[in-house]
Amino acid sequence: MSVQTKPPAVTGRGGAGGKGGRSGESGEGRVLNVFSHGVLVIWGLLVTMPLLWAVVSSFKDDGEIFGSPWGLPSALHFDNWARAWDKANMGQYFFNSLVVVGGSLIGTMLLGSMAAYVLARFDFPGNRFIYFLFVGGMGFPIILALVPLFFVMKNMALLDTYHGLILVYIAYSLPFTVFFLSGFFKTLPSSVAEAALIDGASHTRTFFQVMLPMAKPGLISVGIFNFLGQWNQYLLPTVLNVGDPDKKVLTQGLVALAVSQGYKGDWSGLFAGLTIAMLPVLGAYIIFQRQVVAGLTAGALK
């Protein structure tokens, strides 16, 4: 007669203890996931609600803005937008901003990418010194340079001009652009550039036809950040555009619209002008949001 014995219970990772540990860990993960998503939802509402409220208010009349500030408009008052565009001269300010920001963005991206590529891929005496000069420029408060900058621009006859403001915007945006792109260029493979040089390509051709297309996610990301900073810039144009009202940019136009109202209270026109100023920024981010995320995470993933 044989005696059968039960196999000993396994209490390792596959046993009850392991299941209990995994269930506890998964429970904590679910709680953390719910908490993080809740925080993101609250943050998203805090960001989007003021924007939506401004857009909705741009289609109301003044009575509805104060009578039912959180309600929908009874009718769409497109005349608010026409009044802001024509009578408040927002059309001219919008054109000025397009010219200044468009020219400065092209110059910033071209010069910044070239400088970042050289600092990231070539070793030469003074490389780190020049790099840290750009990094130090990011921490220099622009308000300290306003008075000497004004007199320099005045002596060079660049006040109240498009090209003067474009040059200042480029100098203002270069430190961040070089800092961002130099780290991105370091993540690109060196073998591709070496293969291009072996095939007879010059350094200029290698940069523009090989390395620059590979850096497209980083270029789009830093381009969006520069566009946002330059489009919303108010301090520099206020100091450098002081004489000619036809050369003022959109941020100056919004302030002029708010100040010129006095006690008239054309709040519907003001919200319409604010929405006009927001549309290019929102459109640029909506179109390029995937590229912005890809550019920000490319360095970490590589």
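Following chains of ILVMFWY side-chain contacts shorter than 4.5 Å, one cannot reach Leu51 starting from Trp43, and the two form parts of different hydrophobic clusters. Note on Val147: it clusters hydrophobically with Val168, by side-chain heavy-atom contacts below 4.5 Å among ILVMFWY residues. Clustering ILVMFWY residues whenever any of their side-chain heavy atoms sit less than 4.5 angstrom apart, transitively, puts Leu279 in a cluster other than the one holding Ile286. In the hydrophobic clustering of ILVMFWY residues, with side-chain heavy atoms under 4.5 Å counting as a link, Leu110 and Phe180 come out together. Trp53 is not connected to Ile42 by any chain of hydrophobic side-chain contacts under 4.5 Å among Ile, Leu, Val, Met, Phe, Trp and Tyr, and they are in different clusters.
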Problem - Criterion side chain to side chain contact (heavy atoms under 4.5 Å, CB included) on Met153 and Leu165, from CA distance to verdict - result: CA-CA 9 Å; Met153 300 289 286; Leu165 201 56; over 6 Å; no
Handout entry: Verdict with supporting geometry, Asn226 and Phe176, side chain to side chain contact (heavy atoms under 4.5 Å, CB included)
Key = CA-CA 9 Å; Asn226 284 330; Phe176 172 74; 4.1 Å; yes
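When all heavy atoms of Met109 and Ser113 are compared, the pair lying nearest together is O-OG, 2.7 Å. Minimum heavy-atom separation, Tyr93 to Ala88: CE1-O, 3.6 Å. Contact detail for Met278 and Ala54: the closest heavy-atom pair is CE-CB, 4.3 Å. The two residues Ala201 and Thr206 have their closest heavy-atom pair at CB-OG1, 3.7 Å. Between Met90 and Leu250, the closest heavy-atom pair is CE-CD1, 3.3 Å. Residues Gly269 and Ala84 come closest through the heavy atom pair O-CB, 3.6 Å.
Within the 4.5 Å cutoff, side-chain heavy atoms of Pro237 are placed close to those of Tyr169. Side chains of Arg83 and Ser268 form a contact here, defined as non-hydrogen atoms less than 4.5 Å apart. Ser57 places none of its side-chain heavy atoms less than 4.5 Å from the side chain of Trp267. You'll find the side chain of Pro245 stays beyond 4.5 Å of the side chain of Gln252, heavy atoms only. Here the side chains of Phe271 and Phe59 are not in contact, with every heavy-atom distance at 4.5 Å or above. By the 4.5 Å heavy-atom criterion applied to side chains, Leu119 and Phe124 are counted as neighbours. The shortest distance between side-chain heavy atoms of Val239 and Leu149 does not fall below 4.5 Å. In this structure, Val178 and Val135 have side chains that are not in contact, with every pair of non-hydrogen atoms separated by 4.5 Å or more.
Looking only at distances, a side-chain donor or acceptor of Thr187 sits under 3.5 Å from a matching main-chain atom of Phe184. The backbone N or O of Asp61 sits nowhere less than 3.5 Å from a side-chain atom of Asn80 that would complete a donor-acceptor pair. Side chain of Thr251 to main chain of Gln233: a donor-acceptor pair is present (N/O by atom type, distance under 3.5 Å, no hydrogens or angles). Under a 3.5 Å cut-off, the side chain of Ser173 and the backbone N or O of Ile170 do not form any donor-acceptor pair. A donor-acceptor distance shorter than 3.5 angstrom exists from the side chain of Trp231 to the backbone of Ala277, with no hydrogens or angles considered. Between the side chain of Lys60 and the main chain of Pro69, a donor-acceptor pair closer than 3.5 Å is present.
In Phe151, the CZ atom is not crowded: 12 or fewer heavy atoms of neighbouring residues, nucleotides or ligands sit closer than 6.0 Å. In the displayed structure, Arg205 atom CZ is contacted under 6.0 Å by at most 12 heavy atoms of other residues, nucleotides or ligands. Within a 6.0 Å radius of CZ in Phe179, no more than 12 heavy atoms belonging to other residues, nucleotides or ligands are found. Surrounding NZ of Lys186 are more than 12 heavy atoms belonging to other residues, nucleotides or ligands, all under 6.0 Å away. The environment of Phe227 atom CZ is dense: over 12 non-hydrogen atoms of other residues, nucleotides or ligands sit within 6.0 angstrom. Within 6.0 Å of CZ in Phe129 there are 12 or fewer heavy atoms belonging to other residues, nucleotides or ligands. More than 12 heavy atoms of other residues, nucleotides or ligands sit less than 6.0 Å from atom CE of Met138. Other residues, nucleotides and ligands contribute only 12 or fewer heavy atoms inside 6.0 Å of the CG atom of Asp123.
Of the N and O atoms on the side chains of Tyr162 and Asn96, at least one donor lies less than 3.5 Å from an acceptor on the other residue.
Here the CG-CG distance, from Asp246 to Asn89, works out to 7.0 Å after rounding to the nearest 0.5 Å. Taking CG of Leu159 as the reference point, atom NZ of Lys247 lies at 11.5 Å (rounded to 0.5 Å). Interatomic distance, CD1 of Ile143 versus CG of Leu236, reported as 10.5 Å (0.5 Å rounding). A distance of 14.0 Å separates NE2 in His203 from CZ in Phe208, rounded to the nearest 0.5 Å. Considering CE of Met114 and CG of Leu212, their distance stands at 10.0 Å, rounded to 0.5 Å. One distance of note links NZ of Lys248 with CG of Leu254; it measures 13.0 Å at 0.5 Å rounding.
The aromatic ring centroids of Phe185 and Tyr117 lie less than 6.0 Å from each other.
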